[in-house]
Amino acid sequence: MAEQAEPAVPATQAAPWTWDLLLLLTLPPLFWAGNFIVGRAMRGVVPPVTLSFLRWAIALVLLLPFAWPALRRDWRQYWANRWRVLGVSIVGVAAFNTLVYTGLQTTTATNGILLNAFIPILIVLLGALFYRQPIGLLQVLGMAVSFAGVLTIITHGQWQRLAGLAFGSGDVIVFSAMVCWAVYTLWLRAIPAEIDRLGLLAVQMALALLVLAPLYAWEWAGGARVVWTWPSLAALLYVGIFPSVLAYLFYNWGVARAGAARAGLFIHLMPLFGALLSVLVLGERLHGYHAVGMAAILGGIMLSTRRMSRR
């Protein structure tokens, strides 16, 4: 479906950096970091396809009353851009989350975070290869510094640990999810900005549920069941509200205003937020390498945003 997407708007035409735009792009990785923690914690409690299906079912029920006016107004726009809307719904909503939850069944959280850190790089590379998006020197440098910060956190400041990381089938599944998200970000930019993002998000969820329904039925027929407890219910409500409705809505708005490459770079904040949430939720401790890694991540983002704001 790549041939149906128009080239993304160049960075020179993207909105200037403002506090509200920075907030729009900072909150999604915070909510998604929590989603990774919940997804890993619910391993063995909620089957992966079931988790994805129930997540979007909850999200759609909550979002639909607010999105209904936009759905009625823009339905002709959805039909005119039907292949683009279908494409982003499949790769960014149905496929991405199901692949992540499936991969987390067999891979470690460390490997999942490492693979997630490739998303900004994939966005820039795919954007340059298929959409002729320019890559500046400071953008490359900022990406490298930010990625080095991610590796610092993952390896606990001991880079020789990279040689000991083992990758298996779960890692391949998670990496394929990262490719889906990079494609989603690039395709999302091609959807006309005049289409209301609240209604668009509801359409994406509905289409994703249609795609996931037969897979959910197949998983159910195979005997996979939810272990219902208060924690599992709370976890489902979290993934149905914060990383599904709020994060996607903010990210959609952020991509529309900032462009794919600039928005994608903020995904490097996920390991930072993941470390902080581990302290708050799991009782883990912060170490010096966390501070170094976080500083590098933020420094890399500042380098890239500074370069782009001057263009």
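Nothing here was measured: the structure is a model prediction, and the numbers come from that model.
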Check your understanding: Is the shortest heavy-atom distance from the side chain of Phe273 to the side chain of Thr26 under 4.5 Å?
Key -> yes
Study note, to complete from the structure: One should read off an interatomic distance between Thr102 OG1 and Glu219 CD, to the nearest 0.5 angstrom, of 7.5 Å
Check your understanding: Between Leu207 and Ser89, which heavy-atom pair has the shortest distance, and what is it?
Key -> CD1-OG, 3.5 Å
Review point. Under the 3.5 angstrom rule, does the side chain of Asp196 hit a backbone N or O of Asp74 as a donor-acceptor pair?
Key: no
Point to revise | Close side-chain approach of Val183 to Leu126, heavy-atom, < 4.5 Å | key: yes
Practice item. Kindly give the heavy-atom pair with the smallest separation between Arg84 and Pro192, and that separation in Å. Key: NH1-CD, 4.3 Å
Review point. Hey, does Met178 have a side-chain heavy atom less than 4.5 Å from the side chain of Leu99?
Key: no
Review point. OH of Tyr248 to OH of Tyr184: how many Å apart, nearest 0.5 Å?
Key: 6.0 Å
Exercise for review: Could you tell me the separation between the CG atom of Leu233 and the CH2 atom of Trp228, rounded to the nearest 0.5 Å?
Suggested key: 6.5 Å
Point to revise | Student check: side-chain heavy atoms of Leu200 and Val85 closer than 4.5 Å | key: yes
Review point. Can Val91 be reached from Leu210 by stepping across I, L, V, M, F, W or Y side chains whose heavy atoms are under 4.5 Å apart?
Key: yes
Check your understanding: Which pair of non-hydrogen atoms, one from Pro69 and one from Phe66, has the smallest distance, and what is that distance?
Key -> CD-O, 3.6 Å
**Study point:** Trp181/Trp32 aromatic ring centres below 6.0 Å
**Key:** yes
**Study point:** Short side-chain to backbone donor-acceptor contact, Arg257 and Val255, under 3.5 Å
**Key:** no
Point to revise | Spatial distance of atom CG (Leu22) from atom CZ (Phe266) [nearest 0.5 Å] | key: 5.0 Å
Revision key, fill the gap. With Phe53 as partner, the option from Trp218, Tyr216, Trp220 fulfilling ring pair (Phe, Tyr, Trp, His ring centres under 6.0 Å) is Tyr216
Exercise for review: Measure across Gly254 and Leu24 and return the closest heavy-atom pair with its distance rounded to 0.1 Å.
Suggested key: N-CD1, 4.5 Å
**Study point:** Between OH on residue Tyr238 and CG on residue Asn35, distance to nearest 0.5 Å
**Key:** 7.0 Å
Practice item. Decide yes or no for Phe31 and Ser244: does some side-chain heavy atom of the first lie under 4.5 Å from some side-chain heavy atom of the second? Key: no
Exercise for review: Compare all side-chain heavy atoms of Leu249 with those of Leu198 and state whether any distance is below 4.5 angstrom.
Suggested key: yes
Check your understanding: Relative to Trp79, does Arg82 satisfy both conditions: NZ or CZ under 6.0 angstrom from the six-membered ring centre, and within 45 degrees of the ring's axis?
Key -> yes
Study note, to complete from the structure: Distance col, row Ile241:CD1 vs Ile58:CD1, nearest 0.5 angstrom, shows 8.0 Å
Check your understanding: Taking the side chain as C-beta and beyond, is there a heavy-atom pair between Val88 and Val93 under 4.5 Å?
Key -> no
Check your understanding: Does some side-chain heavy atom of Pro47 sit less than 4.5 Å from a side-chain heavy atom of Arg225?
Key -> no
Practice item. Locate the shortest heavy-atom distance separating Gly103 from Ile173; write the atom from each residue and the value. Key: N-CG2, 3.8 Å
Practice item. Indicate if Val61 and Leu63 have the same hydrophobic cluster label, given that clusters are the connected sets of ILVMFWY residues with side-chain heavy-atom separations under 4.5 angstrom. Key: no
**Study point:** For Gly127 against Leu186, the heavy-atom pair lying closest together
**Key:** N-CD1, 3.8 Å
Check your understanding: Are Leu236 and Trp230 joined in one hydrophobic group, where the rule is that I, L, V, M, F, W and Y side chains link up if heavy atoms are under 4.5 Å apart?
Key -> yes
Practice item. Determine yes or no for a side-chain-to-main-chain donor-acceptor pair under 3.5 angstrom, with Arg55 supplying the side chain and Leu237 the backbone. Key: no
**Study point:** Distance flag, aromatic centroids of Trp75 and Tyr78, threshold under 6.0 Å
**Key:** no
